[in-house]
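If you're wondering where the values come from, they're calculated on a predicted model, not measured in any experiment. Numbers restart at 1 for each chain; the letters A, B, ... are given by sequence-line order, proteins then strands.
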2 protein chains.
Amino acid sequence: MTAARTARARSAGRPTLEEVAARAGVGRGTVSRVINGSPRVSEETRAAVEAAVAELGYVPNRAARALAANRTDAIALVVPEPEARFFAEPYFSDIVRGVGAALADTEMQLLLTLVGGDRERRRLAQYLASHRVDGVLLVSVHADDPLPELLEQLGIPVVISGRRSEDEPLASVDSDNFEGARAAVAHLVAGGRRTIATITGPLDVYGARRRLDGYRAALADAGLAELAAHADFTEEGGRRAMAELLARAPGLDAVFAASDVMASGARQVLRDHGRRIPEDTALIGFDDSSIARHMDPPLTSVRQPIEEMGRAMAELLLAEISATEPARPSLVLPTELVVRASS
Amino acid sequence: MTAARTARARSAGRPTLEEVAARAGVGRGTVSRVINGSPRVSEETRAAVEAAVAELGYVPNRAARALAANRTDAIALVVPEPEARFFAEPYFSDIVRGVGAALADTEMQLLLTLVGGDRERRRLAQYLASHRVDGVLLVSVHADDPLPELLEQLGIPVVISGRRSEDEPLASVDSDNFEGARAAVAHLVAGGRRTIATITGPLDVYGARRRLDGYRAALADAGLAELAAHADFTEEGGRRAMAELLARAPGLDAVFAASDVMASGARQVLRDHGRRIPEDTALIGFDDSSIARHMDPPLTSVRQPIEEMGRAMAELLLAEISATEPARPSLVLPTELVVRASS
DNA sequence: TACTACTGTGGGAGCGCTCCCAGCCGTGAT
DNA sequence: ATCACGGCTGGGAGCGCTCCCACAGTAGTA
């Protein structure tokens with residue numbers, strides 16, 4: 001009984017700093033210094049401590065460290081739950097993989113926080129503050145969301161994905177929506193298309209606006225006229241916008257949709273109208289999601305470096321956390337046009 | 001200077017239990033009891049404490065609680081990084097959403113852990129043990145993976161997604177692969193198909209084997225002959241298997257692929273051979289991923305309740321954590337045939 | 001009336017670490 | 001030989017909580 005309990009306690013209660021210190025014949029403080037890589041330790045002492053650590057299989061207790069040092073070595077990735085569903089498919093996992101990669105060689109751990117409605121969102125700032133995460137990664141932030149500023153006021157480092165405006169005050173990582181759209185439309189122009197329409201996303205989203213700007217810039221370069229229908233990033237929206245475009249300009253020979261999902265909706269309508277892709281009408285999407293790869297014909301699309309964005313966000317956040325001076329860089333990563341059969 | 005520092009300290013150093021106790025005119029222990037919902041507190045005292053908590057905006061410090069109580073109120077979701085990429089698209093985010101939903105009304109927080117190669121996987125058990133998570137959710141566990149057993153030995157509650165064999169010893173949540181496949185093939189039979197082939201997944205994966213079993217059961221019920229080609233859940237594998245099937249049985253009029261991705265590969269080959277879907281050959285997939293919805297024609301597929309599985313996994317884990325007796329239930333959730341134009 | 005048995009409460013001890021101060025020792029300058 | 005000054009080191013204090021023991025007060029029992 002006692003023996004069993006002792007054994008239990010042994011295996012559950014892992015070795016502590018103090019035990020390592022005793023084993024190595026040094027003091028608690030010295031072991032702490034070795035663990036944390038302080039330079040003020042002699043070579044022999046360090047070796048002795050490291051040997052003891054290895055023998056005992058010592059691993060520091062995070063909770064104790066967090067309590068004593070007043071930092072958690074954890075960051076939170078906040079994902080709006082209602083939208084997680086609608087993300088262009090690989091988005092979420094790619095972001096996570098990028099963040100994970102950036103954190104891999106770090107002691108930092110990743111807290112995943114799904115937030116639902118507005119009420120939950122209100123509690124979130126307090127929640128994050130109380131859990132004392134060292135920093136927060138915010139994905140899919142709306143222009144009118146008070147959360148980022150709230151966190152800033154609490155002194156919690158924040159990095160957001162996607163700028164909310166040209167002069168984003170917060171640290172952010174974005175892809176080059178303008179250039180991506182411009183390149184896509186330029187590609188259509190180069191392919192001899194002359195009546196090039198676009199299906200836009202909601203224009204209160206900065207990224208969607210930039211894609212429209214890129215479309216316009218390419219058309220202006222080619223001296224072509226603009227033909228835009230507005231939608232909301234949904235498949236149904238893509239269908240409606242496509243029908244509208246066809247009604248307004250039956251002669252159109254190319255469509256640039258600001259998302260693959262909308263392109264998918266557009267394709268159905270084009271098909272229903274007996275239009276062949278790409279012979280009669282070329283089609284280009286945005287995101288290079290799995291939808292694009294599996295569409296028939298496979299969809300030319302603008303790839304955003306999602307995983308790299310995740311990594312960059314995490315790296316920016318780590319820098320912000322360890323920095324004494326708060327710097328708030330805005331990173332813009334290049335997109336890439338992936339040409340497939342649809343254009 | 002001092003004022004600024006004080007203000008800083010104020011906002012950073014949130015109120016403690018002791019301060020709440022002073023405010024409410026009670027002892028520290030009493031506040032703790034109220035916070036943790038102990039019944040042994042008088043109604044008036046509770047009210048006074050709750051008022052003080054509200055006034056001060058007190059939120060317990062997780063690190064301190066974890067240290068004192070020797071539990072972290074956190075569970076880890078372990079995702080094999082190399083596979084995250086290949087999951088049928090919405091899988092990952094759906095699992096996360098399910099888990100998140102189950103944890104929403106809990107104090108539990110979700111730690112996301114991506115594990116890469118084998119070396120990392122070795123460190124993982126120790127890592128998880130040292131971080132003292134209260135439990136672990138394991139996704140996509142291979143039959144020969146030592147990790148689950150390692151965690152068991154460490155006394156850490158574990159729940160895995162998908163059984164590894166008929167008599168899975170660990171707590172697990174799986175979908176009914178057998179019934180899903182059986183229903184899909186029965187649907188083909190009911191549609192008048194007579195030469196029904198299947199493209200299997202790797203048969204050392206229990207779920208893939210069960211799908212094959214379901215296929216066989218349905219054929220046996222209809223008195224039809226079996227026609228199987230083995231693949232590996234990849235698109236290229238699906239192509240190869242389809243070509244092989246076509247060579248072996250040019251008269252086949254239906255194909256049940258054990259995943260949407262393989263079905264997508266099969267469709268390409270069928271198309272290349274001039275076969276119309278569904279007129280000449282019916283096609284059914286498995287997973288009901290976004291690929292299925294966007295395929296042309298849209299692919300009939302077997303839906304797994306991924307989000308529900310995530311929720312069930314989390315609930316099982318919570319039960320295991322709070323239980324004194326370790327019970328290891330194996331849950332099997334029903335699938336659903338989503339009929340689209342391809343069959 | 002005296003004893004027992006609760007219920008409710010206060011607060012000491014201690015979780016395992018970091019921070020920091022004081023002390024030890026050897027070195028070089030005086 | 002003496003003193004000052006570093007580099008290393010040990011260990012006290014304390015982070016904010018939970019656990020648990022002790023004790024006051026009240027009620028029930030003989």
Side-chain angles (χ1 to χ4, degrees), chain A residues 8-10 12-50 52-53 56-74 107 129-132 134 322, chain B residues 8-10 12-50 52-53 56-74 107 129-132 134 322:
Chain A
R8 183 81 83 84
R10 275 284 179 83
R14 323 246 322 183
T16 69
L17 252 201
E18 203 101 33
E19 295 175 48
V20 174
R23 176 76 166 227
V26 300
R28 186 168 25 84
T30 302
V31 177
S32 175
R33 255 158 273 168
V34 172
I35 298 293
N36 293 293
S38 158
R40 342 203 115 277
V41 182
S42 75
E43 222 26 79
E44 339 159 50
T45 309
R46 180 184 309 278
V49 170
E50 277 167 355
V53 165
L56 264 37
Y58 170 77
V59 184
N61 179 321
R62 272 188 114 87
R65 180 179 277 182
L67 182 58
N70 196 34
R71 66 185 153 82
T72 55
D73 289 337
E107 283 287 79
S130 78
H131 290 241
R132 290 190 168 71
D134 295 342
S322 59
Chain B
R8 183 81 82 84
R10 275 281 179 84
R14 322 247 320 185
T16 69
L17 253 202
E18 205 102 33
E19 293 174 50
V20 175
R23 177 78 168 226
V26 299
R28 186 168 24 83
T30 301
V31 177
S32 176
R33 261 166 300 226
V34 172
I35 298 293
N36 294 292
S38 158
R40 343 202 116 278
V41 182
S42 76
E43 220 28 77
E44 340 160 49
T45 309
R46 181 185 307 280
V49 170
E50 277 166 357
V53 165
L56 263 37
Y58 170 77
V59 184
N61 179 324
R62 258 182 190 274
R65 178 178 278 182
L67 182 59
N70 196 35
R71 67 185 153 80
T72 55
D73 289 338
E107 283 285 79
S130 78
H131 290 243
R132 290 192 171 71
D134 295 341
S322 58

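For the pair B:Arg65 CZ and D:dC17 C1', the interatomic distance rounds to 8 Å; values are reported in whole Å. Following rounding to the nearest Å, A:Leu17 (CG) and C:dC19 (C1') show an atom-to-atom distance of 13 Å. Following rounding to the nearest Å, A:Leu67 (CG) and C:dG14 (C1') show an atom-to-atom distance of 12 Å. For the pair B:Glu19 CD and D:dC15 C1', the computed distance is 13 Å after rounding to whole Å. Rounded to whole Å, atom P of D:dT18 lies 10 Å from atom CG of B:Asn61. With rounding to whole Å, A:Tyr58 atom OH is found 10 Å from C:dG16 atom P. Across the protein-nucleic acid pair, B:Leu56 atom CG and D:dG16 atom C1' stand 15 Å apart, rounded to whole Å. Rounded to a whole Å, the CZ atom of B:Arg62 is 13 Å from the P atom of D:dC17.
Listed here is the closest heavy atom pair of B:Arg23 and B:Ala52: CG-CB, 3.6 Å. Smallest separation of non-hydrogen atoms from A:Val49 and A:Ala24: CA-CB, 4.0 Å. Here the closest heavy-atom approach between residue B:Val20 and residue B:Val53 is recorded as CG1-CG2, 3.8 Å. A:Tyr58 and A:Ile35 get closest at one heavy-atom pair: CE2-CD1, 3.8 Å.
Judged by distance alone, with hydrogens and angles left aside, the side-chain atoms of B:Arg62 form a donor-acceptor pair with the main-chain N or O of B:Asp73 at under 3.5 Å.
Between A:Ser32 and C:dC17 there is no side-chain polar atom (N or O) within less than 4.0 angstrom of OP1 or OP2.
Only B:Arg33, B:Arg40, B:Val41, B:Ser42, B:Thr45, listed by number, bring a heavy atom of residues 33-46 of chain B to less than 4.0 angstrom from any atom of DNA chain C.
Map B:Ala69 and B:Val31 each onto its nearest nucleotide of DNA chain C; the residue landing nearer the 5' end is B:Val31.
Looking at heavy atoms from C-beta onward, A:Asn61 lies out of side-chain contact with A:Thr16 at the 4.5 angstrom threshold.
With salt bridges taken as basic N to acidic carboxylate O contacts below 4.0 Å, one links B:Arg65 and B:Glu107.
B:Arg28 comes within contact range of at least one nucleobase, with a heavy-atom separation under 4.0 Å.
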